[in-house]
Visitor: 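Before I ask anything, here is the structure I am working with.
Each chain gets a letter, A, B and so on, in the order the sequences are listed, and its residues count up from 1.
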Amino acid sequence: MPEPHRYYLTTAIAYANSRPGLHTLYEVVGADAIARWHRMRGDDTFFLTGTDEYSVNIATTASRLGKTPRAFVDEMVELFRTAEDGLAIAPDRFIRTTDPDHVRAVHEMIRRAYANGDLYQGTYEGWYCPNEGFKAPSDLVEDAGGVHCPNHPGVELQWLTERNWFFRLSAYQERLERYYAEHPDWVQPEYRRNEMLGFIRQGLEDFSVSREKAPWGIPFPIMPDGSSSQRPDGSWDPEAGTVYVWFDALTNYVTGVGFPEDPDRFARWWPADLHIIGKDINRLHTIMWPAMLMSAGLPLPRRVWVHGWLLVQGERMSKSRGNFLDPNDVVAALGTDGARYVLLREVAFDRDSDVSWDSFVRRYNADLANDFGNLVNRSLSMAGRYLDGARPEARAEFEAPLATAWRQALAAHEEKMSAFLLHDALAALWEFVAAANRFVDAEQPWALAKAARGGDDAAAARLRGVLGDLLEACRLVGLAAAPFLPNVAARLAGQLGVPYPYGPTGAGGPPLVELLRWGAGPTGGRIGTPVPLFPRLETEAQLAGQAGPGGAAGTPG
RNA sequence: GGCGGAGUAGCUCAGUGGUAGAGCAGGGGACUCAUAAGCCCUUGGUCGCAGGUCCGAAUCCUGCCUCCGCUACCA
């Protein structure tokens with residue numbers, strides 16, 4: 001199958017209610033690596049991420065801090081962008097639900113649903129927890145004192161009645177089931193698909209898409225009588241209420257690529273190739289969102305990938321639990337590329353994984369400092385010492401044992417990347433790194449060098465071949481791992497004395513597959529000065545010191 | 001409660017009928033190019049429990065125990 005010429009991928013937009021946690025940016029780091037992989041392969045890539053900024057809670061928090069909601073989210077967004085910069089995340093657009101074009105896109109989605117007969121006025125009523133919003137009866141606990149929210153037992157519940165617009169999700173059950181049947185892998189991993197299919201088969205209820213009493217939101221564009229809620233002066237009639245935040249949030253995926261104002265751009269990028277989301281919002285993305293798109297007459301995304309959570313001692317890392325790591329601390333301790341690597345290697349992309357400072361440091365030292373970093377360092381040092389810094393060429397594929405190992409490693413790596421198993425994709429590359437380290441000990445270049453100095457021409461030739469193979473191995477791993485290690489990849493190329501043709505976001509060079517062939521590097525030239533790419537981290541205590549007070553999760557003591 | 005998944009070495013996991021595996025962590029060794037890294041060897045498991053089928057079960061069947069996911073409007 002030919003590679004698609006364009007690739008559009010998204011993350012869920014992050015809820016801008018407080019500073020970002022590592023567990024939130026994990027998803028963005030994974031998406032960024034996939035985006036870079038596509039850019040380097042030569043695909044025209046559009047990577048969208050951003051922030052979800054409307055909600056009653058945000059308005060409440062802002063008010064408590066004496067700020068306007070807008071001023072508050074501006075501050076939060078700045079924190080997200082700074083943390084993402086630290087992780088070398090390079091979106092093609094950072095979308096905010098407060099962006100003006102997004103408001104217009106949401107209005108268009110609402111109008112289309114209305115025109116399609118999928119919106120009607122109804123009444124929503126139920127127990128309302130001031131901290132969490134409306135609660136389903138099954139989510140409440142009842143005792144002698146009455147009914148309360150299990151998460152906020154001290155907060156008194158209110159019985160509220162809202163007149164809302166409802167979306168006719170019930171009308172989409174069959175169409176969704178058919179879509180699932182005709183696109184069996186559109187939700188992955190498979191068990192996540194099965195959960196949603198089971199949910200659909202239970203029958204679907206309509207859901208509300210407006211809120212009467214949530215002023216911090218996108219104005220609902222339609223009055224109860226079906227007329228526009230926009231007034232002559234351009235403002236929106238507050239009587240119409242606001243758009244339910246999930247309807248708003250999901251729409252960001254089409255806003256980001258030009259809906260509805262730039263039809264050419266939208267036609268080029270939509271449907272999305274990939275939505276990457278957390279398992280907690282699976283239903284929104286694989287039931288509600290496709291129904292919204294069907295209603296609007298738009299094609300459905302090709303794939304939704306549901307990743308797992310970061311766990312701390314078996315519990316979900318989250319801001320409310322307070323057991324989260326600050327991404328800035330992790331970057332300070334491990335570096336940008338080190339942080340990206342340990343996150344994506346240590347956490348399985350298809351399920352939950354326990355993380356800790358200890359596991360990060362061990363992974364960093366074992367894989368980056370000891371295995372790969374040291375391989376680069378020892379290979380360059382030997383070339384500098386034994387060959388006077390002249391860059392030796394790799395041997396031909398048929399006489400280079402590492403070339404065979406590379407072919408296998410690359411095939412495994414690409415298979416895992418295509419399946420979004422990022423941790424396994426890295427593991428495949430690192431098996432090759434281990435093979436290269438074994439190769440050094442098997443060949444003993446220092447012994448060859450000694451023989452060569454003694455006038456053994458065959459040993460001298462073999463030495464050049466062995467070192468050429470090793471530098472080639474380093475070049476190949478550096479390039480293949482570049483979506484994960486974008487900064488180090490460029491530095492490594494400099495040390496190896498080979499060009500690095502890709503730009504800061506991974507775009508601009510030749511298709512990666514060409515440069516990943518054994519022997520595809522330039523010939524001749526000189527190597528640079530070896531400088532450790534990943535300085536070894538000595539102790540956890542040292543790390544904890546660097547990490548500061550925010551680094552609570554898994555810190556000893 | 002219903003549906004689904006999992007329990008294998010200290011940790012994370014692979015292994016769907018034929019003499020228990022990997023990585024990391026732990027122990028020992030030889031080497032020296034290297035970030036005291038790398039390489040080689042190695043300790044360690046009644047494969048959740050109890051039955052059953054089979055010449056043979058981590059693997060199939062039954063029951064039980066434990067854990068997890070989904071079971072609709074915080075985002």
Visitor: Is the distance from OP1 or OP2 of B/G38 to the nearest side-chain N or O of A/Asn370 less than 4.0 Å?
Guide: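 For A/Asn370, the contact criterion (side-chain N or O under 4.0 Å from OP1 or OP2 of B/G38) is met.
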
Visitor: Please enumerate all residues that pass side chain to side chain contact (heavy atoms under 4.5 Å, CB included) together with A/Met196, with sequence neighbours excluded.
Guide: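 If we apply the side chain to side chain contact (heavy atoms under 4.5 Å, CB included) test to A/Met196, skipping adjacent residues, the hits are A/Tyr180, A/Asn282, A/Arg283, A/Thr286, A/Ile287.
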
Visitor: Mind checking A/Gly198 for me? I need base, sugar-phosphate or nothing, with any heavy atom below 4.0 Å counting as a touch.
Guide: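 No contact.
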
Visitor: Going from CG on A/Leu310 to CZ on A/Arg316, what distance comes out if it is rounded to the nearest 0.5 angstrom?
Guide: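 Those atoms lie 10.0 Å apart.
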
Visitor: Would the base of B/G38 count as contacting A/Asp441 through its side chain, where contact means a donor and an acceptor less than 3.5 Å apart?
Guide: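 A donor-acceptor contact between them is present.
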
Visitor: So if I take every side-chain heavy atom of A/Tyr244 and compare against B/C73, B/A34, B/C33, which nucleotide ends up nearest?
Guide: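 For the A/Tyr244 side chain, the nearest candidate turns out to be B/C73.
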
Visitor: Could you check whether A/Tyr191 gets within reach of a base, just the sugar-phosphate, or nothing at all, counting any heavy atom under 4.0 Å?
Guide: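 Touches nothing.
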
Visitor: Classify the nucleic acid contact of A/Pro535 as base, sugar-phosphate or nothing, counting any heavy atom under 4.0 Å across all strands shown.
Guide: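 Touches a base.
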
Visitor: Return the set of residues passing side chain to side chain contact (heavy atoms under 4.5 Å, CB included) with A/Ala296 (not counting sequence neighbours), or none when no residue passes.
Guide: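 Applying side chain to side chain contact (heavy atoms under 4.5 Å, CB included) to A/Ala296 gives A/Met109, A/Arg112, A/Leu298.
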
Visitor: Report the nucleotide, chosen from B/U35, B/G69, B/A75, that has the shortest atom-to-atom distance to any side-chain atom of A/Phe534.
Guide: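 Shortest atom-to-atom distance from the side chain points to B/U35.
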
Visitor: Base, sugar-phosphate alone, or nothing: which one does A/Asp206 contact when heavy atoms must sit under 4.0 Å apart?
Guide: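 Answer is base: heavy atoms of A/Asp206 come under 4.0 Å of a base.
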
Visitor: Residues in salt bridge (charged side-chain N to carboxylate O under 4.0 Å, His left out) with A/Arg192, at least two apart?
Guide: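 In terms of salt bridge (charged side-chain N to carboxylate O under 4.0 Å, His left out), with neighbours along the sequence ignored, A/Arg192 is linked to A/Glu195.
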
Visitor: Counting only side-chain heavy atoms from C-beta out, which of B/A75, B/G38, B/C33 sits nearest to A/Asp371?
Guide: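 Closest of the options to the side chain of A/Asp371: B/G38.
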
Visitor: Which of these nucleotides, B/C33, B/C39, B/A14, is closest to any side-chain atom of A/Arg351?
Guide: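 Of the options given, the side chain of A/Arg351 lies nearest B/A14.
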
Visitor: Has A/Gln121 got a side-chain atom pairing as donor or acceptor with A/Arg163's backbone, closer than 3.5 angstrom?
Guide: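 Side chain of A/Gln121 to backbone of A/Arg163, a donor-acceptor pair under 3.5 Å: no, none is there.
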
Visitor: For RNA chain B, determine which residues of residues 379-393 of chain A have any heavy atom closer than 4.0 angstrom to one of its atoms, and list them numerically.
Guide: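 The answer is A/Ser381, A/Met382, A/Arg385, A/Tyr386.
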
Visitor: Which side-chain hydrogen bond (donor to acceptor under 3.5 Å, both in side chains) pairs, counting each pair once, include a residue from residues 198-207 of chain A, with sequence neighbours left out?
Guide: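 Every side-chain hydrogen bond (donor to acceptor under 3.5 Å, both in side chains) pair that includes a residue of residues 198-207 of chain A, provided the two are not neighbours, is A/Tyr120-A/Asp206, A/Ser170-A/Asp206.
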
Visitor: Answer yes or no: does a side-chain N or O of A/Arg192 lie under 4.0 Å from OP1 or OP2 of B/G5?
Guide: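 False: A/Arg192 side-chain N/O out of range (4.0 Å or more) of B/G5 OP1/OP2.
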
Visitor: Partners of A/Thr10 by side-chain hydrogen bond (donor to acceptor under 3.5 Å, both in side chains), sequence neighbours excluded?
Guide: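 Applying side-chain hydrogen bond (donor to acceptor under 3.5 Å, both in side chains) to A/Thr10 gives A/His275.
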
Visitor: Is A/Phe207 stacked on the base of B/C73, with ring centres under 5.5 Å apart and planes under 30° apart?
Guide: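 No, A/Phe207 does not stack on the base of B/C73, since the centre distance and plane angle fail the 5.5 Å and 30° test.
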
Visitor: Answer yes or no for A/Arg345 and A/Tyr341: cation-pi contact, defined as NZ/CZ to six-membered ring centre under 6.0 Å and angle to ring axis within 45°.
Guide: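 No, A/Arg345 does not sit over the ring of A/Tyr341.
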
Visitor: Taking for each residue the nucleotide of RNA chain B bearing the nearest heavy atom, is the 5' side occupied by A/Trp446 or by A/Glu346?
Guide: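 The residue whose closest nucleotide sits nearer the 5' end is A/Glu346.
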
Visitor: In whole angstrom, what separates A/Asn365's CG from B/A25's C1'?
Guide: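 A/Asn365 atom CG is separated from B/A25 atom C1' by 13 Å.
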
Visitor: Considering only heavy atoms and no angle criterion, is a donor-acceptor pair shorter than 3.5 Å present between the side chain of A/Asn374 and the base of B/A34?
Guide: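 Answer is yes: a donor-acceptor pair is held.
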
Visitor: With respect to the side chain of A/Arg362, which nucleotide from B/C39, B/A25, B/A72 is positioned closest?
Guide: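 My answer, after comparing the listed nucleotides, is B/A25.
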
Visitor: Between B/C31, B/A75, B/G38, which nucleotide has the shortest distance from any of its atoms to the side chain of A/Asp52?
Guide: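 Among the listed nucleotides, the one closest to the side chain of A/Asp52 is B/A75.
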
Visitor: Write out all pairs satisfying side-chain hydrogen bond (donor to acceptor under 3.5 Å, both in side chains) with one or both partners inside residues 376-392 of chain A, taking only residues at least two apart or from two chains.
Guide: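 Applying side-chain hydrogen bond (donor to acceptor under 3.5 Å, both in side chains) to every pair that reaches into residues 376-392 of chain A, excluding sequence neighbours, yields A/Arg378-A/Asn437.
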
Visitor: What donor-acceptor contacts under 3.5 angstrom involve side-chain atoms of residues 438-451 of chain A, with partners at least two apart or in another chain?
Guide:
from, atom 1, to, atom 2, distance (Å)
A/Glu443, OE1, A/Arg462, NE, 2.9
A/Glu443, OE1, A/Arg462, NH2, 3.0
A/Glu443, OE2, A/Arg462, NH2, 3.0

Visitor: So which of residues 10-20 of chain A are in contact with RNA chain B, with a heavy-atom cut-off of under 4.0 Å?
Guide: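 Here the set is A/Tyr15.
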
Visitor: Assign A/Leu204 to base, sugar-phosphate, or nothing according to its heavy-atom contacts below 4.0 angstrom with the strands shown.
Guide: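 Contact class for A/Leu204: base.
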
Visitor: Given B/U71, B/A75, B/C33, which nucleotide is nearest the side-chain atoms of A/Ser55?
Guide: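 Side chain of A/Ser55 sits closest to B/A75.
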
